[in-house]
Amino acid sequence: MSGLAENTTYYYCAYLLVDGKYTYGVVRTFTTAKQDAGITPGQMVDLGLSVKWAGWNVGASRPEEFGGYYAWGELEEKDEYSQSNYQYYDNQYQQYIITLGINICGTKYDVARVNWGGNWRMPTTAEFNELVNNCEWTWIDYNGVQGQKVTGPNGNSIFLPAAGVYSNNSVDNIGVQGIYWSGQWANINSMAACLLFQNGTPTPFLCPNVRYSGCTVRPVSD
C-alpha cells in the first residue's frame, strides 16, 4: 500500500454484500512506522568530539523525555524554583548566593555525577562551544517532541528536547526553548552559564542564567 501517513493507526475489515445486505468481518488494525529521525541510540554517543555526549537528560531514559529540572548545584527536583527556596541562598547573612566554586563539574554539586556515577558529569562551557561550533543543528519533531537534532562530525546524532525552564511554580516555553546547565559559573556569583536554543533562532548560544532556575542537564563523559 502507498500514500499512508507515518506513525498512524488504520482500521479495516472485510465485508460481504449478498442480495443488498452487508455482512462485516472482524475489525482489525495496523500502525505505520515512525520515520527514522537518525538519532543515534544508546546512553553514550560519540559525536566525534573531545567528550562523549549522553543520549538523554538526567532523569530521563529516552532522548525525547525532558528528565528532571534542577537548580544549579542542587541534586533534587522540587515544586518551586525561586531565590528564597534555593538551597544555596544565604538566609542568615543575606549575601544572596553561597559560592560553590567556578566549576562544579564532577564535584558533589554535579547532579550528573551524583545520579549517574562513573565519568558522567555536567559539561563545561568549552564543551558546549565545541558542540555548537562543530555540529550541525536542526530543529525537528522527534516522537512528538520539539527540539534540536545535533549531528556531529562523524555523522552520529543526539536529540535535545526543548524542555523550557522551570521558574517559580511552572515550566515556561516547553516546545519552544531549551536551556541546559553547564557546570561553570558566569563570572557573576548569582549566575551560571547555560546553553540556550529556541525555535526560530538559527544558532544556539551560551548565556548566564540565575542559579535558582530549574533547567535540564545533558551529561558528558570523558
Side-chain angles (χ1 to χ4, degrees), residues 54 56-117 120-129 131-132 139 145-148 159-201 204-220:
W56 46 79
N57 294 342
V58 174
S61 59
R62 297 174 59 85
E64 69 272 23
E65 294 177 354
F66 295 162
Y69 295 87
Y70 303 95
W72 197 77
E74 293 188 355
L75 307 177
E76 303 289 341
E77 293 187 84
K78 50 192 181 182
D79 295 327
E80 178 184 345
Y81 290 81
S82 64
Q83 174 184 310
S84 60
N85 80 339
Y86 182 45
Q87 182 178 347
Y88 301 106
Y89 176 69
D90 192 341
N91 289 292
Q92 182 176 0
Y93 296 104
Q94 300 297 308
Q95 293 178 349
Y96 187 34
I97 296 294
I98 299 171
T99 300
L100 301 182
I102 63 174
N103 187 338
I104 65 171
C105 295
T107 71
K108 64 181 181 180
Y109 306 111
D110 184 335
V111 67
R113 174 61 59 85
V114 172
N115 282 316
W116 284 19
W120 291 109
R121 58 174 173 78
M122 299 169 73
T124 65
T125 54
E127 289 156 354
F128 265 141
N129 279 324
L131 193 72
V132 171
W139 190 273
V145 178
Q146 297 287 308
Q148 291 276 10
F159 178 71
L160 298 176
V165 58
Y166 208 132
S167 179
N168 293 316
N169 303 104
S170 63
V171 184
D172 300 319
N173 297 325
I174 289 179
V176 177
Q177 186 180 72
I179 303 181
Y180 285 75
W181 282 128
S182 78
Q184 294 184 246
W185 76 321
N187 296 324
I188 304 172
N189 192 40
S190 62
M191 294 189 175
C194 64
L195 178 75
L196 186 148
F197 60 80
Q198 53 193 17
N199 195 3
T201 301
F205 56 92
L206 287 170
C207 65
N209 190 26
V210 289
R211 286 168 41 184
Y212 53 80
S213 293
C215 298
T216 44
V217 176
R218 178 58 62 96
V220 298

Applying side-chain contact (heavy atoms from CB on, under 4.5 Å), name anything that partners [X], two or more places apart in sequence or on another chain.
X    : result
E76  : none
Q146 : W139, D141
Y166 : Y69, Y81, V171
S82  : E80, S84, N85, N168

Practice task
Mind running side-chain contact (heavy atoms from CB on, under 4.5 Å) on T99 and W185 for me, showing each step along the way?
Solution key: CA-CA 10 Å; T99 300; W185 76 321; over 6 Å; no

The criterion is side-chain hydrogen bond (donor to acceptor under 3.5 Å, both in side chains); which residues satisfy it with [X], sequence neighbours excluded?
X    : value
T124 : E127
Y180 : N57
Q148 : none
N129 : none

So, taking the atom named [atom1] in [X] and the one named [atom2] in [Y], what distance separates them when rounded to the nearest 0.5 Å?
X    : Y    : atom1 : atom2 : answer
E64  : L160 : CD    : CG    : 12.5 Å
R218 : C215 : CZ    : SG    : 14.5 Å
L195 : L131 : CG    : CG    : 7.0 Å
E65  : T216 : CD    : OG1   : 13.0 Å
Y212 : Q83  : OH    : CD    : 5.5 Å
I179 : F197 : CD1   : CZ    : 9.5 Å

Exercise for the section: Would you please test R121 and V220 for side-chain contact (heavy atoms from CB on, under 4.5 Å) and show each step? Expected result: CA-CA 6 Å; R121 58 174 173 78; V220 298; 3.5 Å; yes

Exercise for the section: Please say whether more than 12 non-hydrogen atoms of neighbouring residues, nucleotides or ligands are located less than 6.0 Å from CG in D79. Expected result: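 Atom CG in D79 is not packed in, count stays at 12 or less.
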
Problem - Non-hydrogen side-chain atoms of N115 and W120 separated by less than 4.5 Å - result: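 Contact flag for N115/W120 side chains = no.
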
Practice task
Taking the side chain as every heavy atom from C-beta outward, state whether F159 and V145 have any atom pair closer than 4.5 Å.
Solution key: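 Sidechains of V145 and F159: in contact.
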
Problem - R211-Y86 side chain donor-acceptor pair, cut-off 3.5 Å - result: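 Result is yes, a qualifying pair exists.
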
Quick one: closest heavy-atom pair of [X] and [Y], and the distance?
X    : Y    : result
P204 : V132 : O-CG1, 3.6 Å
A193 : S182 : O-OG, 2.7 Å
P123 : C105 : O-SG, 3.8 Å
E74  : Q87  : OE2-N, 2.6 Å
M122 : A112 : N-CB, 3.8 Å
P219 : V217 : CD-O, 3.6 Å

Problem - Pairs touching residues 100-116 that satisfy salt bridge (charged side-chain N to carboxylate O under 4.0 Å, His left out), sequence neighbours left out - result: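 Qualifying pairs, neighbours excluded: none.
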
Practice task
Determine, stepwise, if the pair L100 / Y88 fulfils side-chain contact (heavy atoms from CB on, under 4.5 Å).
Solution key: CA-CA 8 Å; L100 301 182; Y88 301 106; 3.7 Å; yes

Exercise for the section: Only counting residues at least two apart or in another chain, list the ones meeting ring pair (Phe, Tyr, Trp, His ring centres under 6.0 Å) with F128. Expected result: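 Residues passing ring pair (Phe, Tyr, Trp, His ring centres under 6.0 Å) with F128: W53.
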
